[in-house]
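Worksheet: the structure to be examined is printed underneath.
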Amino acid sequence: CSVSVDQVQGGYLGIEYLASLGHKKVLWLSGPPAHLQSNQRLLGVQQAARKFDIEVSTITSPGLDFISGEQIAKDIVDLGPLPDSIFCCNDAQALGVMNYFFKVGIKVPEDVSILGFDNVAYAESALVPLSTVSQTPYQLGYTMGQQLLTEFSAGSDHAHQRAVFQPTIVERASTRAI
């Protein structure tokens, strides 16, 4: 049995959402090259960018944590004009980027919109609550637990199940229409 999230669809939804807000220049902040979910999300990002005529540039972050987000944010600023929005591979990265921007006086979402991915518990309690692509963490955990219990009590004729969840957008204050 397995439980997963449609990562490609999540990347697509993120760009579709940013396009609906009028964003035309999006920076995709990717995870490390070997991070499977980041690579899958990028496929969806690229599909949606073509469909909605969005200019997407990519920066690869060496890590997926808050500190990596802060460190890569400096590079984003040093590269020149900010994009309309930054779509981060995960919420920890996004919160790190936002923290660095706060330190240097870049306002989110007034100067740049930030979109995360995951919907971690602390995303909504950030100084600027983070808009995110939600992986429905409660549903994932509950379904995994149910599958595990069923598998433990099942006989040899147990039919394995594969649950694939569809991500959703959770709109908060870190994104705005332009």
Side-chain angles (χ1 to χ4, degrees), residues 7-33 35 37-135 137 167-178:
Q7 302 292 338
V8 175
Q9 181 63 18
Y12 186 95
L13 279 176
I15 295 298
E16 179 181 52
Y17 168 68
L18 293 169
S20 76
L21 296 176
H23 297 275
K24 288 293 189 184
K25 292 183 179 186
V26 177
L27 171 64
W28 166 247
L29 183 52
S30 178
H35 187 249
Q37 290 89 347
S38 179
N39 294 331
Q40 291 173 330
R41 293 169 191 171
L42 177 59
L43 293 174
V45 164
Q46 293 168 333
Q47 291 170 4
R50 283 189 296 275
K51 180 173 182 181
F52 299 106
D53 195 28
I54 304 297
E55 179 185 323
V56 174
S57 56
T58 301
I59 293 180
T60 302
S61 176
L64 295 166
D65 59 3
F66 184 88
I67 299 298
S68 295
E70 280 191 317
Q71 292 169 341
I72 205 79
K74 182 184 181 321
D75 296 339
I76 293 168
V77 172
D78 290 345
L79 282 173
L82 290 172
D84 300 336
S85 57
I86 300 172
F87 184 11
C88 298
C89 179
N90 70 12
D91 288 350
Q93 248 185 4
L95 292 166
V97 169
M98 287 173 44
N99 195 57
Y100 180 84
F101 285 178
F102 176 76
K103 289 177 187 177
V104 299
I106 296 171
K107 296 181 180 96
V108 175
E110 294 84 352
D111 298 330
V112 61
S113 288
I114 306 283
L115 180 65
F117 201 115
D118 286 333
N119 197 24
V120 295
Y122 49 89
E124 67 184 315
S125 61
L127 189 57
V128 176
L130 180 64
S131 296
T132 189
V133 177
S134 178
Q135 297 196 80
T168 58
I169 295 291
V170 176
E171 186 172 20
R172 296 189 181 109
S174 68
T175 52
R176 72 175 182 97
I178 58 171

Heavy-atom donor-acceptor pair, T175 side chain to L115 backbone, under 3.5 Å: no
Over 12 foreign heavy atoms within 6.0 Å of CZ, F102: no
P32 vs L64 side-chain heavy atoms within contact, under 4.5 Å: yes
Check against side chain to side chain contact (heavy atoms under 4.5 Å, CB included), L82 and F101: CA-CA 11 Å; L82 290 172; F101 285 178; 4.2 Å; yes
Taking only distance into account, with no hydrogens and no angle test, what donor-acceptor pairs under 3.5 Å do side-chain atoms of residues 117-130 form with protein atoms, sequence neighbours excluded?
residue	atom	partner	partner atom	Å
D118	OD1	Q135	NE2	2.5
N119	OD1	R172	NH1	3.3
N119	OD1	R172	NH2	2.9
N119	ND2	S134	OG	3.2
S125	OG	Y122	O	3.2

From CD (Q9) to OG1 (T168), nearest 0.5 Å: 11.0 Å
Sequence neighbours excluded, every pair satisfying side-chain hydrogen bond (donor to acceptor under 3.5 Å, both in side chains) that has a member inside residues 101-114: H23-S113, E70-K103
Rounded distance [0.5 Å steps], CZ in F66 versus CG in D91: 12.0 Å
Distance (rounded to the nearest 0.5 Å) between I15 CD1 and Q46 CD: 10.0 Å
Interatomic spacing from OG in S131 to CG in L21 - rounded to 0.5 Å: 8.0 Å
Check: V26 and S85 side chains under 4.5 Å, non-hydrogen atoms: yes
Donor on one side chain, acceptor on other, S30 and S38, under 3.5 Å: yes
P33 versus T60, closest heavy-atom pair with distance: CD-CG2, 3.9 Å
Q37 and N90, any side-chain heavy atoms less than 4.5 Å apart: no
Spatial distance of atom SG (C88) from atom CZ (R41) [nearest 0.5 Å]: 11.5 Å
Salt bridge (charged side-chain N to carboxylate O under 4.0 Å, His left out) contacts in which one or both residues fall within residues 18-28, not counting sequence neighbours: none
Note, S57 side chain near L27 side chain (heavy atom, < 4.5 Å): yes
Nearest heavy atoms of I72 and S61, plus distance in Å: CD1-CA, 4.2 Å
L79 side chain near I59 side chain, heavy-atom distance below 4.5 Å: yes
Heavy-atom pair of closest approach, residues S174 and P109: O-CB, 3.4 Å
Euclidean distance, T132 OG1 relative to I169 CD1, rounded to 0.5 Å: 7.5 Å
Option among V77, D78, I76 that satisfies the side chain to side chain contact (heavy atoms under 4.5 Å, CB included) test with K74: D78
Nearest atoms (heavy-atom pairs only) where F87 meets G11: CE2-O, 3.5 Å
